[in-house]
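Notes follow once the structure below has been shown.
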Amino acid sequence: MNEHDAGATTDRDPRSRDTQGDPGGVQQDARQTDGAQVSTGSEKAGVSEAAIPELVIISGMSGAGRSTAAKCLEDLGWFVVDNLPPALIPTMVELGARSQGNVARIAVVVDVRGRRFFDNLRESLSDLDARGVTRRIVFLESSDDALVRRFESVRRPHPLQGDGRIVDGIAAERELLRELRGDADLVIDTSSLNVHELRAKMDAQFAGEEEPELRATVMSFGFKYGLPVDADLVVDMRFLPNPHWVPELRPFTGLNEEVAAYVFNQPGAKEFLDRYAEMLQLVAAGYRREGKRYVTIAVGCTGGKHRSVAMSEKLAARLAAEGVETVVVHRDMGRE
């Protein structure tokens, strides 16, 4: 995933507005469209609640794929605004509400390029909550190693490195975004994703015409490659015997029927699946009550090839049967 290559801002769709350095241009364009006077206050100026657009705020680490995620939403029909100062987000939502339904979904990219405005973000989010705006935060994450490689490949400095190194800029940005990451509704780790895989994840979350109650990503992984940073729940399959030590099964993965049969014939495997699926029903109900729409369930084994893959497939099938829209990702399969 290359933020600078995949997220190019040239030749963008006319629906998208790049407001960098010209926040007033957003207001001017909107006034010419509907003739309404812009108000930056909290009043709705007679706009009905049903007309308030849906809002997605895209943020995260520089180089992690924000531009690619924004372009994906733009292709799905969202009105995308790149680098809008956070203080203007409520104004943009108000203008969308006055568009008579022509702008029903708005995506805003917020990043450190507008860092002098970043302190206003929390105030803007509180304003949106007071107005009853349905808003979600998508946070793009990536490992330090992956980010360094991406910046070096395009020979560009990190926005916050100043006279220091790229790693210094990354560390400063992580600290700046720490609180926002904690508030995110959806965290996507792009460390091992290419552009097409990131677009597939965004499509899976936003392409549906009807918004599901809960969406789940079930991700198999290998502990020897590290925990997924975007995991909400983590389970460990290393209590089961490893098919790696069975010579005839070693070359295959958990997608193979014989490997899956071996895994689920072990004592405790089926019982774990049944009980964990029941536990997830309780968790899913709580997430819905709290308004959380996305959950990433990480299922790990030693190498992310056999046990975790087989269990992830079965667990995803259980969730799908219970009405949870589910995506399966095998992060480390084929990595050995």
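- Using a 4.5 Å heavy-atom cutoff, the side chains of Phe272 and Leu240 are not in contact.
- In this structure, Arg335 forms a cation-pi arrangement with Tyr225, its terminal cationic atom sitting closer than 6.0 Å to the ring centre and no more than 45° off the ring axis.
- Each of Leu180, Asp183, Val138, Leu140 was evaluated against Ser59; a single residue qualifies, Leu180, per the side-chain contact (heavy atoms from CB on, under 4.5 Å) test.
- A donor-acceptor pair shorter than 3.5 Å can be found between the side chains of Thr302 and Arg307.
- Between the side chains of Arg150 and Thr190, at least one donor-acceptor pair of N or O atoms lies under 3.5 Å.
- In this structure the side chain of Gln266 reaches within 4.5 angstrom of the side chain of Pro241, judged on heavy atoms.
- Using a 4.5 Å heavy-atom cutoff, the side chains of Leu255 and His330 are in contact.
- Contact of the Lys305 side chain with the Val259 side chain is not registered, since no non-hydrogen atoms from C-beta on lie closer than 4.5 Å.
- Using cut-offs of 30° and 60° on the angle between ring planes, the pair Trp78 and Phe206 is perpendicular.
- Between Arg181 and Val229 the shortest side-chain heavy-atom distance falls below 4.5 Å.
- When each of Thr68, Asp75, Leu73 is checked for a side-chain contact (heavy atoms from CB on, under 4.5 Å) with Lys71, only Asp75 meets the rule.
- Side-chain N/O atoms of Ser191 and Asp189 include a donor and acceptor closer than 3.5 Å.
- In this structure, Glu313 has no salt bridge (Lys or Arg N to Asp or Glu O under 4.0 Å) partners at least two apart in sequence or on a different chain.
- Take Arg165 and apply the salt bridge (Lys or Arg N to Asp or Glu O under 4.0 Å) test, not counting sequence neighbours, and it matches Asp168.
- Evaluation of the side-chain hydrogen bond (donor to acceptor under 3.5 Å, both in side chains) rule for Glu278 yields no partner, not counting sequence neighbours.
- The only option from Met219, Lys314, Met311 that meets the side-chain contact (heavy atoms from CB on, under 4.5 Å) definition with Val299 turns out to be Met311.
- The shortest side-chain heavy-atom distance between Tyr276 and Ile297 falls under the 4.5 Å cut-off.
- The one candidate from Ile58, Leu55, Asp82 that meets the side-chain contact (heavy atoms from CB on, under 4.5 Å) condition with Val108 is Leu55.
- Put simply, the side chain of Asp230 does not reach to within 4.5 Å of the side chain of Glu141, judged on heavy atoms.
- Phe223 is listed as a side-chain neighbour of Asp236, based on a closest heavy-atom distance under 4.5 Å.
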